[in-house]
Amino acid sequence: MNTESAVVEFLGKVPLLHRLTTCSFKKIAQVIVFKRYERGDYVVRRDDEEMEGVYFVMEGQAQVHGEENCSEFLLKPFDFFGRGIFGNVYAVDVVAVSELTCLLLTSDHCHLLETKPTWDSDNERSLLERILYMDPLDLNVFRGFTLPNAPALAKVFGGQFLGQGLAAATKTVEFSKIVHSLHAYFLLSGDINIPIIYEVSRLRDGNNFSTRRVDARQKGKTIFTLFASFQREQQGFDHQESNMPHMLPPETLVSRDEMLQRRMTDHLLPRYYRKKVATQYTAPLPIDIRFCETNYSTEQTKTPSRLKYWFRARGELSDDQALHRCVVAFASDLMYAFISSDPHLKKGMSAVPVSLDHSMWFHRPLRADDWLLFEMVNLTASQSRGLATGEMFNRKGELVVSLRQEALLKETATSKPILDAKL
């Protein structure tokens, strides 16, 4: 069992290490030392001047014998003790009460237990990785921020809630389980000027599935809720009925940023619209978007309730599949709500669609830094709500994600203060 993959799998099940990345686990596995003890052997003595490092109980049990007035207790698999980032060692004896196997991370490698503001690599972090970074405040509590160059129009972007909420949930699940579905509700608008507190509830941890609930809060109010289910990789049936539409390759298409630049100077478009584009779109998105079909419509022009575009994250991401799914969740809300209102636009009217709820199912592994085709269709609109469905395909034509979203459709109204209810 003393293989790197077995060590990585074991460490991924230690609850307090869930906040570490896959890369951190792999680095730890490369330097970990196996220590085996017979029943009655001392693992640690209280008079040791210096602890060797941090011990993780892998198999068997050990008894902790403390000083006077210190209760004794058993250490079982997935418990750990020693000197590391979690504090100094108290004066205790640790004695094996059965055959015992521990993993020792020596003191000179304990820095690997530190949470770094990256997902996986030592390379310079992309904007998306910085947006999705979760600052751990407690075992199940994290803090997220709206960066100055993150997408936002006077309020927190819905995709930021999705990406950060999923990132927070992922930090509490053993790394071998990957999100396969999520369902989210947007309750209140978020304030871009203050941090967002994400509190994770561990609803279930089974052998193959784990379920989490995440509540995002600002100013004492819950503004966003997400439920996510995680699954350990399993082999099973595989088929696909959905077919990827035939579209031009993304390399041959104009990027969204270039398209907006053209719109600012295109005299076929109304002056007010060109001016609005110039004032609102000042920074490129962290997602590269290539629309499959040329569209010269404005926000007051009726358009079909269907949209197709290629997208990918800017810059190269690490190989952490959890990160790629958080990035896709972030990107999924960029234009989804608008296709529900597009068929109803007309001159003199401006609609403001607002995401109400959002569901995603992840079918196959994906890379968010490689091109994905996003096809979305508005199924119906009624009672001031529109329902849209979507599918994401990789370049091989494999269906990797299915989506649904309901949006509130309303005409532009007098702006309301931050944290007004959406309903």
Side-chain angles (χ1 to χ4, degrees), residues 9-25 28 54 56-57 73 75-81 84-87 112-120 129-146 156 160-188 190 194-232 320-323 325-326 329-330 358 360:
E9 181 178 358
F10 169 80
L11 293 174
K13 296 179 180 179
V14 178
L16 287 179
L17 299 186
H18 286 166
R19 58 182 181 165
L20 298 182
T21 66
T22 303
C23 182
S24 295
F25 287 133
I28 292 172
V54 179
F56 299 90
V57 179
F73 58 90
L75 294 169
K76 301 177 181 180
F78 307 114
D79 288 335
F80 61 90
F81 58 94
I85 65 169
F86 304 108
L112 295 174
L113 297 175
E114 298 176 4
T115 302
K116 298 180 180 180
T118 65
W119 279 81
D120 211 359
E129 288 180 288
R130 287 185 281 123
I131 291 173
L132 296 175
Y133 170 63
M134 290 284 96
D135 182 21
L137 301 180
D138 204 342
L139 182 61
N140 299 312
V141 182
F142 303 85
R143 179 171 54 192
F145 302 89
T146 303
V156 177
Q160 178 178 322
F161 281 129
L162 292 166
Q164 290 184 341
L166 180 56
T170 300
K171 295 295 185 184
T172 69
V173 179
E174 59 184 273
F175 88 99
S176 59
K177 294 177 181 176
I178 303 295
V179 64
H180 70 89
S181 69
L182 66 83
H183 307 275
Y185 294 90
F186 303 92
L187 306 178
L188 300 170
I194 60 176
I196 307 168
I197 303 300
Y198 293 89
E199 184 172 348
V200 182
S201 299
R202 302 173 185 240
L203 301 183
R204 178 179 183 269
D205 281 306
N207 290 331
N208 294 312
F209 288 87
S210 291
T211 308
R212 297 292 185 264
R213 170 177 172 163
V214 183
D215 293 309
R217 295 189 174 91
Q218 281 185 332
K219 302 179 181 179
K221 296 183 178 181
T222 302
I223 59 178
F224 171 81
T225 296
L226 177 143
F227 293 87
S229 181
F230 299 78
Q231 181 188 18
R232 195 186 310 278
D320 194 332
Q321 184 62 202
L323 169 61
R325 299 194 181 196
C326 288
F330 172 91
H358 192 100
M360 301 180 70

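D79 is linked by a side-chain hydrogen bond (donor to acceptor under 3.5 Å, both in side chains) to nothing, counting only residues two or more places apart in sequence or in another chain. Residues forming a side-chain hydrogen bond (donor to acceptor under 3.5 Å, both in side chains) with N208 (at least two apart in sequence, or on another chain): none. Scored by the ring-ring contact (aromatic ring centres under 6.0 Å, His included) test, Y198 finds no partners at all (sequence neighbours excluded). Legend: residues meeting side-chain contact (heavy atoms from CB on, under 4.5 Å) with L203, ordered by chain and number and at least two apart, are S201, T211, R213, F227. Every side-chain contact (heavy atoms from CB on, under 4.5 Å) that S181 has, sequence neighbours left out, goes to H183, S229, W361. The salt bridge (Lys or Arg N to Asp or Glu O under 4.0 Å) test applied to R325 returns no partner, not counting sequence neighbours. F230 meets the ring-ring contact (aromatic ring centres under 6.0 Å, His included) test with no other residue; sequence neighbours excluded. Take K76 and apply the salt bridge (Lys or Arg N to Asp or Glu O under 4.0 Å) test, not counting sequence neighbours, and it matches no residue. Under the salt bridge (Lys or Arg N to Asp or Glu O under 4.0 Å) criterion, R232 pairs with E174, sequence neighbours left out. Take T146 and apply the side-chain hydrogen bond (donor to acceptor under 3.5 Å, both in side chains) test, not counting sequence neighbours, and it matches Q160. For L137, the side-chain contact (heavy atoms from CB on, under 4.5 Å) partners at least two apart in sequence or on another chain are D135, V141, R143, I197.
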- Task: Begin from the C-alpha positions of K221 and L187 and carry the test side chain to side chain contact (heavy atoms under 4.5 Å, CB included) through to its verdict.
- Result: CA-CA 10 Å; K221 296 183 178 181; L187 306 178; over 6 Å; no

- Task: Take L113 and I28 through the test side chain to side chain contact (heavy atoms under 4.5 Å, CB included) and record every step on the way to the result.
- Result: CA-CA 8 Å; L113 297 175; I28 292 172; 3.9 Å; yes

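If you take SG on C326 and CG on L182, they are separated by 9.0 Å, rounding to the nearest 0.5 Å. Rounded to the nearest 0.5 Å, atoms CZ (F81) and CZ (F56) are 10.5 Å apart. Here the CD atom belonging to Q164 is positioned 6.5 Å from the CG atom belonging to L132, to the nearest 0.5 angstrom.
Using a 30° and 60° split on the angle between ring planes, F224 and F186 fall in the tilted class, from 30° to 60°.
Sorted by first and then second residue, the salt bridge (charged side-chain N to carboxylate O under 4.0 Å, His left out) pairs involving residues 194-204 (not counting sequence neighbours) are E199-R217.
Residues I196 and F161 have side chains in contact (heavy-atom distance under 4.5 Å, counting atoms from C-beta outward). Side-chain contact between V179 and R212 is absent, with no heavy atoms from C-beta onward closer than 4.5 Å.
Taking each heavy atom of G12 and F175 in turn, the nearest pair found is CA-CD2, 3.7 Å. Counting all heavy atoms, side chain and backbone alike, A322 lies closest to T170 at CB-CG2, 3.7 Å. Taking each heavy atom of P195 and F145 in turn, the nearest pair found is CG-CE2, 3.7 Å. Of all heavy-atom pairs spanning K171 and F142, the tightest one is CB-CZ, 3.6 Å. Of all the heavy atoms in D205 and S210, the pair that sits closest is OD1-OG, 2.7 Å. Nearest heavy-atom pair, A228 versus L166, reported as atom, atom and distance to 0.1 Å: CB-CD1, 4.3 Å.
Not one N or O on the side chain of E9 forms a donor-acceptor pair closer than 3.5 Å with the backbone of S176.
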